Protein chains: 2
Amino acid sequence: MARANLTPAAVIAAAAELADREGFDAVSVSALARRFGVQTASLYSHVRDRSAVLDGVHVLALGELADRIAVAIGGRSGRDALVALAAAHRAYARECPGRWAALQRPAAASTVRSAAAARVVALNLAMLRGYRLPETELVHATRLLGATVNGFLALEANGSFGHRDPATDDSWHRAIDALDVAFRHWPAERNS
Amino acid sequence: MARANLTPAAVIAAAAELADREGFDAVSVSALARRFGVQTASLYSHVRDRSAVLDGVHVLALGELADRIAVAIGGRSGRDALVALAAAHRAYARECPGRWAALQRPAAASTVRSAAAARVVALNLAMLRGYRLPETELVHATRLLGATVNGFLALEANGSFGHRDPATDDSWHRAIDALDVAFRHWPAERNS
DNA sequence: ACGCCAGCCTACACCCTTTAGGTTAGAACC
DNA sequence: GGTTCTAACCTAAAGGGTGTAGGCTGGCGT
């Protein structure tokens, strides 16, 4: 019985590739086993269950996205950094749709605590530095950034905007410009 | 063999209730059949497949959401209407998490063409009337609205904001205020 | 060479999806 | 009431997935 030299990392990498190629929902332990030429049950020596595989893809995707964001915002500030950061997200979502979909799942506790997640947060804060927001407002701004960018990409990915015609790109630019406006005219805390 | 008096609408209503009670992923044709006390295969006389059931829940949710938005924004304008519209979304997502999850799926062509979908669009445009945006900018503003609100609710639902402490509510209010700011200072088209 | 065990396998229990074809409840008609 | 028809139910089956238990063995360490 030849050993297939499986490792958790190899399984997760294969899952990420399968997700991008055939869709997030096509990732099953059975499908992965077929790719490695072993029986499905054999994979459980290396991964706890399907959910653990997808958690791994989630962390992998966070790391890759952080890499791309770091490159995109390096040497840029203010609106330019915002545009570049958002563009990195959009390019990633388009080029790696399965990986991106893994990011939409609830994050496991270990993922929340991962170095990759911390990097994404740090990069968001670095980008926001150019807007000179009060310290206490940074968490709110970070959440708005994530919500708007991710929300737009999710709607785009599920076809809510109809066919990808020029108007969607215009909408994208407008959305990022609107974010820039919001950050520059940040609404202070109100009595409510 | 007593007839269970099934109809497509009854199946869809049961699916919606099941989604809210046990989670979107718990909705299967098998689970629905158990609720009606019939064999799984019997449901295929009434619904084409699982996907068709979920499409039905999607349309149902759009209609319910439209009803809530209409009530929320009635008699309000400008920022008040925006806050109320967004709050209607958030309340719906919290009270009917399974129905809300159905809204996140890609919409079937029939759903896109449905009266419920048209109502939601019309209500969004009605709300935006208060901001006096140029006609050509309305589609962009509508998309930003949907992206931001839905994006925020999606992140909230999947735990990205950690526990629902006061800071998340603050972030929500800030996000809606930021939207208000963006609509009031709408970024005009740029040469790019 | 020998011993050990992680990594593979088979077997299995359980579950879901959907199609095909058979049976029948109940509506319509006489 | 009796008869006819058929949509709605059923069983059977093919195909697919998840994950546990226990057996077998390749390859590492001594």
Side-chain angles (χ1 to χ4, degrees), chain A residues 1-59 98-99 101-102 104-106 108-111, chain B residues 1-59 98-99 101-102 104-106 108-111:
Chain A
M1 191 53 58
R3 299 297 174 94
N5 289 317
L6 296 175
T7 64
V11 176
I12 287 161
E17 189 194 329
L18 183 62
D20 287 338
R21 185 182 301 225
E22 305 193 25
F24 183 78
D25 289 343
V27 180
S28 64
V29 178
S30 311
L32 290 168
R34 284 193 294 276
R35 287 172 83 92
F36 286 108
V38 299
Q39 299 301 308
T40 301
S42 306
L43 283 197
Y44 293 94
S45 304
H46 304 278
V47 292
R48 195 186 65 245
D49 56 17
R50 178 172 183 271
S51 180
V53 175
L54 298 177
D55 287 344
V57 176
H58 194 154
V59 173
R99 285 164 156 86
Q104 313 314 308
R105 301 169 65 245
S110 58
T111 303
Chain B
M1 190 56 59
R3 299 294 173 95
N5 289 318
L6 295 175
T7 64
V11 176
I12 286 161
E17 188 195 328
L18 182 60
D20 286 340
R21 183 183 304 226
E22 304 192 25
F24 183 76
D25 289 342
V27 180
S28 64
V29 179
S30 311
L32 290 168
R34 283 192 294 272
R35 285 172 86 87
F36 287 108
V38 298
Q39 299 301 308
T40 300
S42 306
L43 283 197
Y44 293 93
S45 304
H46 305 276
V47 292
R48 195 185 67 246
D49 56 17
R50 179 175 182 266
S51 178
V53 175
L54 297 177
D55 287 343
V57 176
H58 194 153
V59 174
R99 286 165 156 85
Q104 313 314 308
R105 300 169 67 246
S110 56
T111 303

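Letters A, B, ... mirror the listed sequences (proteins, then strands); counts begin at 1. Keep in mind that this is a model prediction, so the values were computed, not measured.
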Using whole Å, report how far [atom1] of [X] lies from [atom2] of [N].
X: B/Asn5; N: C/dA25; atom1: CG; atom2: C1'; value: 11 Å
X: A/Asp25; N: C/dT17; atom1: CG; atom2: P; value: 13 Å
X: A/His46; N: C/dG7; atom1: NE2; atom2: P; value: 5 Å
X: B/Arg34; N: C/dC15; atom1: CZ; atom2: C1'; value: 9 Å
X: B/Leu54; N: C/dT18; atom1: CG; atom2: P; value: 10 Å
X: A/Leu32; N: C/dG7; atom1: CG; atom2: P; value: 17 Å
X: A/Gln39; N: D/dG17; atom1: CD; atom2: P; value: 12 Å
X: A/Arg35; N: D/dG17; atom1: CZ; atom2: P; value: 14 Å

Would you say A/Ser42 reaches C/dG7's phosphate, i.e. side-chain N/O to OP1/OP2 under 4.0 Å?
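False: A/Ser42 side-chain N/O out of range (4.0 Å or more) of C/dG7 OP1/OP2.
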Closer to the 5' end of DNA chain D via nearest nucleotide, is it A/Asp49 or B/Ser45?
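First, find each residue's nearest nucleotide; the 5'-ward one identifies B/Ser45.
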Nucleotide nearest [X] (side chain, heavy atoms from C-beta), chosen from [options]:
X: B/Tyr44; options: D/dA8, D/dT18, C/dT18; value: C/dT18
X: A/Val38; options: C/dT18, C/dC9, D/dT18; value: C/dC9
X: A/Ala41; options: D/dA21, D/dG17, D/dC9; value: D/dA21

Please name the pair of heavy atoms, one in [X] and one in [Y], separated by the smallest distance, quoted to 0.1 Å.
X: B/Ala15; Y: B/Val57; value: CB-CG2, 3.8 Å
X: A/Gly98; Y: A/Asp20; value: N-OD1, 2.7 Å
X: B/Ala31; Y: B/Leu18; value: CB-CD2, 3.8 Å

Determine whether a donor-acceptor pair (one donor, one acceptor, N or O, separation below 3.5 Å) exists between the side chain of A/Arg3 and the base of D/dG27.
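A donor-acceptor contact between them is absent.
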Among A/Arg50, A/Arg48, A/Arg105, whose side-chain hydrogen bond (donor to acceptor under 3.5 Å, both in side chains) with A/Asp55 holds?
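Exactly one option meets the side-chain hydrogen bond (donor to acceptor under 3.5 Å, both in side chains) with A/Asp55, and it is A/Arg105.
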Any side-chain heavy-atom pair from A/Gln104 and B/Gln104 closer than 4.5 angstrom?
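No; the side chains remain at least 4.5 Å from each other.
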Does B/Thr40 reach a base, just sugar-phosphate, or nothing at all? Heavy atoms under 4.0 Å.
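Base: the residue B/Thr40, judged by heavy atoms under 4.0 Å, touches a nucleobase.
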